[in-house]
Protein chains: 2
Amino acid sequence: MGDENEIIANQNKGEYYVPYYQIPIDKFFQFGLSVDCVVFGYQHGSLKVLLIKRGAEPFKGQWALPGDLVYPNEDIEVAARRILYDLTAIDNLYLEQTRVYGQVDRHPIGRVITIGYYALINIENYNPKASAWADSVFWIDVNKVPDLAFDHNQILSQALKTLRYRVRQRPVGFELLPEKFTLGHLQELYEALLNEPFDKANFRKKILSMNMLSNLKENQKDVPHRPARLYSFDKNRYDQLKSKGFSFEL
Amino acid sequence: MGDENEIIANQNKGEYYVPYYQIPIDKFFQFGLSVDCVVFGYQHGSLKVLLIKRGAEPFKGQWALPGDLVYPNEDIEVAARRILYDLTAIDNLYLEQTRVYGQVDRHPIGRVITIGYYALINIENYNPKASAWADSVFWIDVNKVPDLAFDHNQILSQALKTLRYRVRQRPVGFELLPEKFTLGHLQELYEALLNEPFDKANFRKKILSMNMLSNLKENQKDVPHRPARLYSFDKNRYDQLKSKGFSFEL
DNA sequence: CCAAAAGTGTTCATTCTACACCCATGG
DNA sequence: CCATGGGTGTAGAATGAACACTTTTGG
């Protein structure tokens, strides 16, 4: 948001009527718009989601997804990034729209349409931060999410479904890992995300055959077993392959 | 819509402020909401889309997708079905939400968020019908779509992309065909949708091996070549298979 | 008989799956 | 020298692509 006090009016509306029902068009401009973000992180072998305790009415004090109203002159994705920045102090997170939630009675103070987004974050870079609308912020295991305000449980489960889907067909899993990781870490991540085991040998062959990881020629340290090779995701290489028709699939 | 004149107020808003910016919350309730529908049909080997000439301002007289403002007390999908019913006099079309379009300046008379939907229709059941907001209605080949009002070209191409995707992983293609069809018809449909040829033998083996078609034991008539066997999509069978873990893929 | 599309069978290559086995390190 | 995970090879099954061939109808 630039000038958050300059709320634009919809200046031209006066001239218009909805001709077929003879209702002044202003009556149609009563909607509120919000954004709710499902922020996923991965730690200690399990998938977590960032929840807040709401610091404002309605539902003050309850668990909820981070979200906020969109300004009348603010782009939707910009609003989503504003919320994420306020919460994590990180820019440029991986962000994807899921769907719209528009039940007439979903918000107690009026008709508020909300747009669901999910974001992926490398939990090690995370900088916890309460904010204007959140008293406090917690990582919660995705399998232990409590009852949430509004229809946020539904938004969360849709986001999870989209993520599980996406992760099989685009290399987005890496967003959840540190820069350098082992193939074992990567496999554990996929197993946690998809809740299904993979054969080690086959998983490695598949991932490596895609040719989108850089072998860092560097090993793990201080592990009580044979140290594993470290890799990183090579985005340039991937973009190049993609432009040649290759498509990630798992 | 039931009572289209009973536009609800958002009664409880008076009490609320957005505390962190000290802006009265009414300022956030200025959005309009609309729905735009991409209606696909299939005829003579090519995929068509239903376009209208707009009968109301703004963009009166221009080509556009069928769409309308949503009432403040109307559910979004209900609005989409209302539009489709007004246009085609058909209930219960296959309908899927695509995404939200919310550019600040996408609508000339104010901030209107629109929700994209696409619908599939068996063109033989189609009952053309102008309506309050459409002067006239036409089927246009999907490859020959003109410039459309608003951001409708973008909405259309996203819908097409979603359809192409969906059609490979769920048996939705049948929605575009008549009740009874031949495997040749089905193959032509897929070739038109995906713009890629399939091997006849392999296509048949794949489709039939899925076990979701009923062999009607009945043949085509009056064709100048060997008449083909007619099939129909067996939704019960498919649901049964799906519940056992089967998933359509092509 | 011919043209045209329906309908089927086989071969070969590729990919997937399961599983066995060896390797390097810390304790 | 043992426990622990890292890392690789191979055999057999399943799937997919290409293509040739037979069948049935109308003209």
Side-chain angles (χ1 to χ4, degrees), chain A residues 42 44-46 167-169 177-178 180-192 194-233 241 244-250, chain B residues 42 44-46 167-169 177-178 180-192 194-233 241 244-250:
Chain A
Y42 173 73
H44 304 138
S46 68
V167 95
R168 305 200 84 134
Q169 38 164 49
L177 290 175
K180 303 173 177 187
F181 52 85
T182 70
L183 294 179
H185 292 149
L186 187 62
Q187 185 178 341
E188 276 169 29
L189 168 65
Y190 273 92
E191 292 179 338
L194 299 173
N195 206 25
E196 114 191 52
F198 290 86
D199 179 275
K200 185 177 30 142
N202 297 334
F203 182 84
R204 306 181 138 248
K205 268 176 287 188
K206 182 135 199 182
I207 293 287
L208 290 176
S209 74
M210 290 181 190
N211 242 311
M212 43 193 275
L213 297 188
S214 305
N215 183 330
L216 296 178
K217 316 258 157 103
E218 185 188 339
N219 288 342
Q220 263 184 320
K221 297 239 161 68
D222 300 317
V223 284
H225 56 263
R226 176 175 172 181
R229 180 47 56 97
L230 293 169
Y231 291 86
S232 70
F233 174 59
L241 290 167
K244 286 182 186 141
F246 162 83
S247 89
F248 182 92
E249 205 153 310
L250 201 117
Chain B
Y42 173 73
H44 304 138
S46 68
V167 96
R168 305 201 83 135
Q169 39 164 47
L177 290 176
K180 303 173 177 188
F181 52 85
T182 70
L183 294 179
H185 292 150
L186 188 61
Q187 185 177 341
E188 277 168 29
L189 168 65
Y190 273 93
E191 291 179 337
L194 300 174
N195 207 25
E196 113 191 54
F198 290 86
D199 178 275
K200 186 178 28 145
N202 296 335
F203 182 84
R204 306 180 138 249
K205 269 177 284 189
K206 182 132 199 183
I207 293 286
L208 290 176
S209 75
M210 290 179 189
N211 241 311
M212 44 194 273
L213 295 189
S214 305
N215 183 331
L216 295 178
K217 315 257 157 104
E218 184 188 341
N219 288 341
Q220 264 183 320
K221 297 239 160 67
D222 300 317
V223 284
H225 56 262
R226 175 175 173 181
R229 180 46 58 94
L230 292 170
Y231 292 86
S232 70
F233 174 60
L241 289 167
K244 285 181 185 140
F246 162 82
S247 89
F248 182 92
E249 205 153 312
L250 201 116

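In what follows, every chain begins at residue 1, and chains take the letters A, B, ... in the order their sequences are listed.
- Interatomic distance, A:Leu189 CG to A:Leu177 CG, rounded to the nearest 0.5 Å: 5.0 Å.
- The side-chain hydrogen bond (donor to acceptor under 3.5 Å, both in side chains) test applied to B:Ser46 returns B:Asp141, not counting sequence neighbours.
- Applying the side-chain hydrogen bond (donor to acceptor under 3.5 Å, both in side chains) test to B:Gln187 and every residue at least two apart in sequence or in another chain returns B:Glu191.
- Applying the ring pair (Phe, Tyr, Trp, His ring centres under 6.0 Å) criterion to A:Phe198, with sequence neighbours excluded, gives A:Phe203.
- Here A:Pro178 pairs with A:Asn122, A:Glu124 under the side chain to side chain contact (heavy atoms under 4.5 Å, CB included) rule; sequence neighbours left out.
- One atom, CG of B:Leu230, and another, P of C:dA6, lie 12 Å apart when rounded to the nearest Å.
- Every residue meeting the ring pair (Phe, Tyr, Trp, His ring centres under 6.0 Å) condition with B:Phe181, not counting sequence neighbours, appears here in chain and number order: B:Phe174.
- Near DNA chain C, meaning a heavy atom under 4.0 Å away, the residues from residues 198-210 of chain A are A:Asp199, A:Ala201, A:Asn202, A:Lys205, A:Lys206.
- Take B:Tyr231 and apply the ring pair (Phe, Tyr, Trp, His ring centres under 6.0 Å) test, not counting sequence neighbours, and it matches no residue.
- For the salt bridge (charged side-chain N to carboxylate O under 4.0 Å, His left out) condition, the pairs that include at least one residue of residues 200-229 of chain B, sequence neighbours left out, are B:Lys180-B:Glu218.
- Across residues 213-222 of chain B, not one residue has a non-hydrogen atom less than 4.0 Å from an atom of DNA chain D.
- Taking the side-chain hydrogen bond (donor to acceptor under 3.5 Å, both in side chains) definition, one finds that A:Gln220 meets it with nothing, sequence neighbours left out.
- Once you apply a 4.0 Å limit to the heavy atoms of chain B, the touched nucleotides of DNA chain D run 5' to 3' over D:dG16 to D:dG26.
- When each of A:Val223 and B:Thr182 is assigned the nucleotide of DNA chain C bearing its nearest heavy atom, the one mapping closer to the 5' terminus is B:Thr182.
- Annotation: salt bridge (charged side-chain N to carboxylate O under 4.0 Å, His left out) contacts of A:Glu196 (sequence neighbours excluded): A:Arg168.
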